[in-house]
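Reviewing the structure listed below.
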Amino acid sequence: MVFGKKYMDEDLDKRGFKALVNEVEHLAATPNLGDFFPFLGVIDLQRLTCRLKDLSKVFDEFLEKIIDEHVQSRDQKQSKDFVDTMLDIMQQGEAEFQFDHSHIKAILFDMLIAAIGTSPSAIEWILTELLRHPHVMKKLQKELEQVVGLERMLKESDLENLNYLDMVVKEGLRLHAVAPIAPHKAMEDCVFFPERFVGSSINIHGRNFQLLPFGSGRRGCPAMQLAIVLVDLIVAQLVHCFDCELPNGMTLIWATLVLIFIVYALYELLNNIQSRKMYPPGPKGLPIIGHLHLLGKNPHQDFQKLAKTHGPLMYVRLGLVPTIVVSSADTAEKFLKTYDHIFATRPHNEAAQYLAYGQKNLITAKYGPYWRNMRKLCTQHLLSNQKINSFQSMRRQQVEFMIKSLKNEACDHRIVVDLSAKISSLSADLTCLMVFGKKYMDEDLDKRGFKAVVEEVEHLAATPNLGDFFPFLGVIDLQGLTRRLKDLSKVFDEFLEKIIDEHVQSRDQKQSKDFVDTMLDIMQSGETEFQFDRRHIKAILFDMLVAAVGTSATAIEWIITELLRHPHVMKKLQKELEEVIGLEKMVKESDLENLNYLDMVVKEGLRLHSVAPLIPHEAMEDCIVNNFHIQKGSRIMINYYAIQRDPNIWPGAEKFFPERFVGSSIDIRGRDFQLLPFGSGRRSCPGMQLGIIIVQLVVAQLVHCFDWELPIGMQPCELDVEEHFGLATSREHPLMVIPTYRLNNA
Ligand code: HEM
């Protein structure tokens, strides 16, 4: 039925067809230590993996041969078997997913194992019960005599008239679950009694949940109809044609033991069928901790190094969490475009449980209707072009304040300033004004001060939490992180509640609306397709603070760092600014579109310094990528840092060289997978437009208004580029510089 012909033993291997199928069943059913203690998998103490690999090679060659035979003989065939049908599907490209030889072979393998294993077991069990209950055997033979007679053999068309046979089969399947992990409520009744179905409407097709030999629902057995006909026909034929006796000395206890073993083997077979899958390559891990010990304080750099040995699709295990690390543009495209619908969710995040009201924020929300609605709400109401433009004059004012303060503080006295702190404070002010409508003073949030608390949030959210890698350790809180997260979330919650209250009280007197006003409008309109209350407003406010403050400031800091390390690029950019704007005026947002070299400098800065290099995704289903199996629940790390420094794509990848973009159409908006500072696909950054404007404006203004020098004695090449991994991967040390005002409007 599957292959269109019988195969001889030697067709498969010199050991013979049956021996090999038996070996597959045996190996797949043997309890594999690696399934119960994942860290033992690599060691393969039982030598099972090694034997499975040999066997899979033999099977693979056999199935390839069958497929080849079918391909060659297709034109001369009148009727089609399974293989022909699958080849048709493959060639017509009708499947909604990638479908090639490996899929045909996997299905053929399923057919062999599922069909050879299940139907014979069912038949064997029913015959066993008939032998154990001779009066039932007699009654069934009587029915067969009456319906079919003793002159001819039974035909398939007779089956519908054999009511007692139907009850015997049902009762056999009830008592002996062939796939016993399916629920079988009626198993408590261990008596073989087919008459219990007299006058009963219970059937075995998955509608009656007390009797589910073929399962039920989406994953119910697709071959149920075929299996029922086979079992009915063979049981009836054997009972009709023969009187059966047990051999001398064969005790029922012995028969029962054999049967228990067979059921156990089937159970294990079902459990272990997973182990045939091929995972991406990766380094050898350690028991329990997996590969956690290979990661230091900058995991994006460690993953980049490992990928050089193990390839762009790499498997590692972080504690108990299977993790896939993606390090090339082609592979990233598969995850973020081709199979984006499978990888668009986020993993469990201990920190977000406390800080973001049970992952109700956008950044860590699970993929689904809630995330979709929240994202729509943010992109339409909070981060739309119209909303961004409405804050243009506020941005101009704030950037000018910073320039003035720098000029007053430093220029006259040539003192060294902490430019990192200036940039981060500007970014916090821009965000607060846009989100809350006003700047907040330190003491408004907590006696520790606004910045200290936001930094603590960033620090705690970025600290590797053992509970994320060993879920059972979450409750124990070995690192004391949960306690700190709870304290912090309380401080934040009170602060955000106070802000919302202030907004509720002052709503009528306001002319322009900030983020909080917009969200209160949405909450009160009741227009959302999901429950939207204060908790949701707070979760989004939290996102805006965390996502906006750190990222833009970090990007600006890195670009200025590279300009300081490359004075000729700084000069060239100043020249462009002089030509387009002149030395009499400051930069305006409307100038940005005329600054081509600035555009290249920003692109190159974001390429070389990935601000958010490893934001995790999670696989919602099993999936095959580049012929490797990615299991459901795996954490997916797209290593933007490694992709953007891939020497196969970027000549001189480690160099800061904005001219590489001359005449190039590569952009940073998620269409070109070699340059993804804002990600791509469903989970890409919704604040990209705002981020680009802020980064371009602030870099341009700083470079246009000041000449910059490094502290006395430091050469450009000595300025360090050490990174500090976190929610935003910033400079390890603050950027200390001496500014000199250079415009003529002093
Ligand atoms: C230069 C500045 C920025 C950079 C480089 C940046 C980068 C990123 C990246 C790489 C992601 C994750 C993509 C992925 O999961 O694969 C992301 C997500 C996100 N960003 Fe940004 N971002 C920036 C600015 C902003 C701003 C200004 C906001 C908001 C005001 C923002 C809000 C978000 C949010 C809410 C998400 C999560 C989206 C989701 O999971 O659906 N970002 N960003």
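Numbering of ligands and ligand atoms starts at 1, following listing order. Not measured: the values here are computed from a predicted model.
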Exercise for review: Specify the protein heavy atom at minimum distance from atom 33 (C) of ligand 1: its residue, its atom name, and the distance to 0.1 Å.
Suggested key: Pro686 CD, 3.5 Å

Point to revise | Min N/O separation Arg683 to ligand 1 under 3.5 Å | key: yes

**Study point:** Atom indices of ligand 1 within 4.0 angstrom of Leu383 heavy atoms, with elements
**Key:** 30 (C)

Review point. Counting from 1, what ligand 1 atoms have a heavy atom of Met544 closer than 4.0 Å?
Key: 29 (C), 30 (C)

Check your understanding: Given side chains that start at C-beta, do those of His348 and Gln353 come closer than 4.5 Å, heavy atoms only?
Key -> yes

Review point. Which of parallel (below 30°), tilted (30 to 60°) and perpendicular (above 60°) describes Tyr641 and His300?
Key: perpendicular

**Study point:** Nearest neighbour in protein (non-hydrogen) for atom 38 (C) of ligand 1
**Key:** Arg375 NH1, 3.4 Å

Point to revise | Nearest protein heavy atom with distance in Å, relative to atom 6 (C) of ligand 1 | key: Phe678 CD2, 3.6 Å

Practice item. Show which atoms of ligand 1 fall inside a sub-4.0 Å distance from at least one heavy-atom site of Tyr640. Key: 14 (C), 16 (O)

Check your understanding: Under a 4.0 Å heavy-atom limit, does Met688 contact ligand 1 with its side chain, its backbone, both, or neither?
Key -> neither

Point to revise | Best match, Gly670, Gly605, Ala547: closest heavy atom to atom 31 (C) of ligand 1 | key: Ala547

Point to revise | Lys/Arg-Asp/Glu bridge criterion (N-O < 4.0 Å) met for Glu497, Lys538 | key: yes

Point to revise | Euclidean distance, Tyr640 OH relative to Ser327 OG, rounded to 0.5 Å | key: 12.0 Å

Review point. NZ of Lys337: more than 12 outside heavy atoms within 6.0 angstrom?
Key: no

Review point. Can you list the steps and then say if Tyr315 with His629 is a ring-ring contact (aromatic ring centres under 6.0 Å, His included)?
Key: CA-CA 10 Å; Tyr315 175 89; His629 178 74; over 10 Å; no

**Study point:** Protein residue, atom and distance nearest to atom 28 (C) of ligand 1, heavy-atom basis
**Key:** Gly687 CA, 3.6 Å

Review point. Does Arg534 come within less than 4.0 Å of Asp501, counting only side-chain N to carboxylate O?
Key: yes

Review point. Any nitrogen or oxygen of Arg682, main chain or side chain, under 3.5 Å from a nitrogen or oxygen of ligand 1?
Key: no

Point to revise | Ser684, any N or O under 3.5 Å of ligand 1 N or O | key: no

Exercise for review: Determine, for Arg731 against Asp720, whether the closest basic-nitrogen to carboxylate-oxygen distance falls under 4.0 angstrom.
Suggested key: yes

Check your understanding: How many angstroms lie between atom CZ of Arg607 and atom CG of Leu676, to the nearest 0.5 angstrom?
Key -> 13.0 Å

Exercise for review: For Pro677, take its heavy atoms, then give the atoms of ligand 1 lying under 4.0 Å from any of them.
Suggested key: 5 (C), 7 (C), 10 (C)

Check your understanding: Is Thr551 close to ligand 1, meaning an N/O of one under 3.5 Å from an N/O of the other?
Key -> no

Study note, to complete from the structure: min-distance protein heavy atom vs atom 25 (C) of ligand 1 -> Cys685 SG, 3.6 Å

Revision key, fill the gap. Among non-hydrogen protein atoms, atom 14 (C) of ligand 1 lies closest to His617 NE2, 3.3 Å

Check your understanding: Is the distance between the ring centroids of Phe303 and His291 less than 6.0 Å?
Key -> no

**Study point:** Residue pair Pro686 / Leu362, side-chain heavy-atom distance below 4.5 Å
**Key:** yes

**Study point:** Whether His566 and Phe656 hold their rings parallel, tilted or perpendicular, with breakpoints at 30° and 60°
**Key:** tilted

Review point. If we only count N/O pairs under 3.5 Å, is Ser680 in contact with ligand 1?
Key: no

Check your understanding: Judged by non-hydrogen atoms, does Met434 sit under 4.0 Å from ligand 1?
Key -> no

Practice item. Please state whether Ile638 comes within less than 4.0 angstrom of ligand 1, counting heavy atoms only. Key: no

Check your understanding: Are any of the N or O atoms of Asp543 closer than 3.5 Å to those of ligand 1?
Key -> no

